[in-house]
Amino acid sequence: MKFARRVEQLPPYLFVEISRKIAEKRAKGEKVISFAIGDPDIPTPSNIVKRLCQAAHDPKNHRYPETDGLPELRRVIADWYRKRFEVSLDPDKEVLPLIGSKEGIGHAALCFLDPGDVALVPDPGYPVYSIGTMLVGGQPYYMPLLEQNDFLPDLDGVPFDVVRRAKVMWINYPNNPTGAVAEPEFFEKAIHFAKKHGLAILHDGPYSDVTYDDYKPISFLQIPGARDVGIEFHSCSKTYNMTGWRIGMAVGNAEMINALMRVKSNLDSGVFQAVQYAAIEALTGPQNCIAEHNAIYQRRRDKLVAVLNDLGLSFRPPRAGLYIWARVPEGYTSVSFTSRLLDETAVAVTPGTGYGPNGEGYVRLSLTLPDADLEEGVARLKAWRESSRATPVKQTKRS
Ligand SMILES: *Cc1c(COP(=O)(O)O)cnc(C)c1O
């Protein structure tokens, strides 16, 4: 059988070896503690589940939904943006529900890129930006997110011949995987850059409400001029622990929203209406679940921070998002550190290279594992630190 080149060119799955080791350990009955999964472990709040159940019983929700979603949902999304960010949106032209934001992020490539066009993507970054680009024959240009630049891309550092061929720039703050956040000045700079070079900005912001220490991220759309050049992807997944439900949204520039809607209307048939009603409940119902979940993640973050410091990993405690992005000790690569940790402690983390070439030297630890597992993971790391086996790690000075 012959497959399309776009499929054959998909990058190989990087962590075959590590996944194999995890599977082997589990097959032997060993308990692997995984900090590698970025998917909230806390259940969806019960008012939302209840609303889904009600809506699922109504036969009118059993039929094809409209691609652009229920008008009521679009209105609720616009209201939520007004309340949360003081951004006003036209619910009929500037709001589009998605089957999870990943769906819209993937399809966006079809709207903006012809074969050979360049998309500027963050490196490290959420893999869908670059893979979506490659699937339509475009070329990702990896903008390094370096610690010394606070994990913000250096826009002036993008070579001129690349900028000339670029159609879009992806940005994502609060950032996965680095945990970095962006201040308004960065967004202003990005908008100026996009206007100067005729680019569209695609901002991905699913972690705007997963925050710690009273930090409150802004929306890209709060910045003057944002709507002239860009859209923002958001989602119920991380805010309301609804990753499995598949519902997100794109908001902003009406022409860009319309292009995405036209592509989608030819490829999918929208979001199950019962899930749309559940999203309405999520966005309009009690919001105290957000602070409650964040308090849980923050406690987990603080426990993990203490032991990682002891292990000689250097990192900045995140103010938002679900991850700690940590530099591995001297003498290790992302993969060699991950492998050794797994072999000796049965604790799994994600090697940074899974998020792009500039992820080398880092690992990502997720906060989305149950407290008891997290405690056990922390205890294993402590024991590892104290055992002679961890000596090379112990000797490493923190940078
Ligand atoms: C989790 C995540 C998403 C995807 O969310 P869905 O709405 O569940 O598809 C998008 N972008 C980033 C950076 C994420 O981490």
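Given the structure is predicted, the values throughout are model-derived calculations rather than measurements. Counting convention: from 1, in listed order, for ligands and their atoms alike.
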Using a 4.0 Å cut-off to any heavy atom of Ser235, which atoms of ligand 1 qualify? 6 (P), 7 (O)

Would you say ligand 1 has an N or O under 3.5 Å from any N or O of Asn172? no

Please walk me through it: do Lys167 and Asp117 pass salt bridge (charged side-chain N to carboxylate O under 4.0 Å, His left out)? CA-CA 7 Å; Lys167 293 269 184 70; Asp117 286 345; 2.5 Å; yes

Could you list the atoms of ligand 1 found under 4.0 angstrom from a heavy atom of Tyr129? 13 (C)

Do the non-hydrogen side-chain atoms of Tyr129 and Leu202 ever get within less than 4.5 Å of each other? no

Under 3.5 Å: N/O of Lys102 near N/O of ligand 1: yes

Please say yes or no: joined through hydrophobic side-chain contacts below 4.5 Å, possibly via intermediate residues, are Met169 and Tyr142 part of one cluster? no

Which atoms of ligand 1 sit under 4.0 Å from any heavy atom of Asp204? 10 (C), 11 (N), 12 (C), 13 (C)

Any N/O of Tyr323 closer than 3.5 Å to an N/O of ligand 1? no

Regarding Lys50 and Glu281, does a basic nitrogen lie under 4.0 Å from an acidic carboxylate oxygen? no

Could you list the atoms of ligand 1 found under 4.0 angstrom from a heavy atom of Gly100? 7 (O), 9 (O)

Within ligand 1, which atoms have a heavy atom of Pro206 less than 4.0 Å away? 10 (C), 11 (N), 12 (C), 14 (C)

At less than 4.0 angstrom from any non-hydrogen atom of Tyr207, what atoms of ligand 1 do you find? 1 (C), 14 (C), 15 (O)

May I ask you to say whether Lys28 pairs ionically with Glu24, meaning some side-chain N is under 4.0 Å from a carboxylate O? no

Short list, please: which atoms of ligand 1 are under 4.0 Å from a heavy atom of Ser101? 3 (C), 4 (C), 5 (O), 6 (P), 7 (O), 9 (O), 10 (C)

Does the ring center of Phe186 lie less than 6.0 Å from the ring center of Tyr173? yes

Show which atoms of ligand 1 fall inside a sub-4.0 Å distance from at least one heavy-atom site of Arg246. 6 (P), 8 (O), 9 (O)

